[in-house]
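First the structure, in the form of structure tokens, and then the observations on it.
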Amino acid sequence: MCLGVPGKIVAIYEANGLLMGKIDFGGVAREACLAYVPEAKLGDYTVIHVGFALHLISEEEANETLALLQQIAEMGDEDPLAEIR
């Protein structure tokens with residue numbers, strides 16, 4: 001299953017000519033490419049899929065999505081956020 005996970009942009013920088021960012025997923029930070037969302041600012045929320053920010057979303061939408069993912073995890077044996085933790 002492919003999954004885009006929302007996270008908060010906590011750092012923005014350039015690496016090897018690409019716009020990059022550090023994305024916080026509830027206490028776990030991962031690097032992601034921000035080239036598809038050049039308008040991104042610190043504190044914005046974005047959906048990350050395979051290391052790329054796909055689009056920006058509101059904090060409310062991010063929290064709703066994370067709550068739904070948590071409900072899915074509680075219903076099954078697998079934690080859908082386990083890969084990023």
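Side-chain atoms are counted along with the backbone in the values below, which use heavy atoms only and exclude waters and symmetry mates.
What you find for S58 and Y45 is that their closest heavy atoms are O-CB, 4.2 Å. Closest heavy-atom contact between C33 and M20: CA-SD, 3.6 Å. Across all their heavy atoms, H49 and L54 have their closest contact at CB-CD1, 3.7 Å. Considering every non-hydrogen atom in both P6 and I57, the closest pair reads CB-CD1, 3.7 Å.
By the side-chain contact (heavy atoms from CB on, under 4.5 Å) test, I12 pairs with I9, L19, L34, L42, sequence neighbours left out. Residues passing the side-chain hydrogen bond (donor to acceptor under 3.5 Å, both in side chains) test with E31 are Y13, sequence neighbours excluded.
Under the 4.5 Å side-chain contact rule for hydrophobic residues, L56 and F52 do not share a cluster. Linking Ile, Leu, Val, Met, Phe, Trp and Tyr whenever their side-chain heavy atoms come within less than 4.5 Å leaves I23 and V47 in two separate clusters.
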* Please lay out, stage by stage, how E39 and V37 fare under the test side chain to side chain contact (heavy atoms under 4.5 Å, CB included). => CA-CA 5 Å; E39 71 278 17; V37 290; 4.2 Å; yes
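A distance-only check finds a donor-acceptor pair linking the side chain of T46 to the backbone of H55 [under 3.5 Å].
Two residues are said to be in side-chain contact when any heavy atoms from C-beta on lie closer than 4.5 Å; V5 and F25 meet this criterion.
Residues in residues 50-72 take part in no salt bridge (Lys or Arg N to Asp or Glu O under 4.0 Å) pair, two or more places apart or across chains.
Summarising the geometry, atom CE belonging to M75 is positioned 8.5 Å from atom CD belonging to Q71; distances are rounded to the nearest 0.5 Å.
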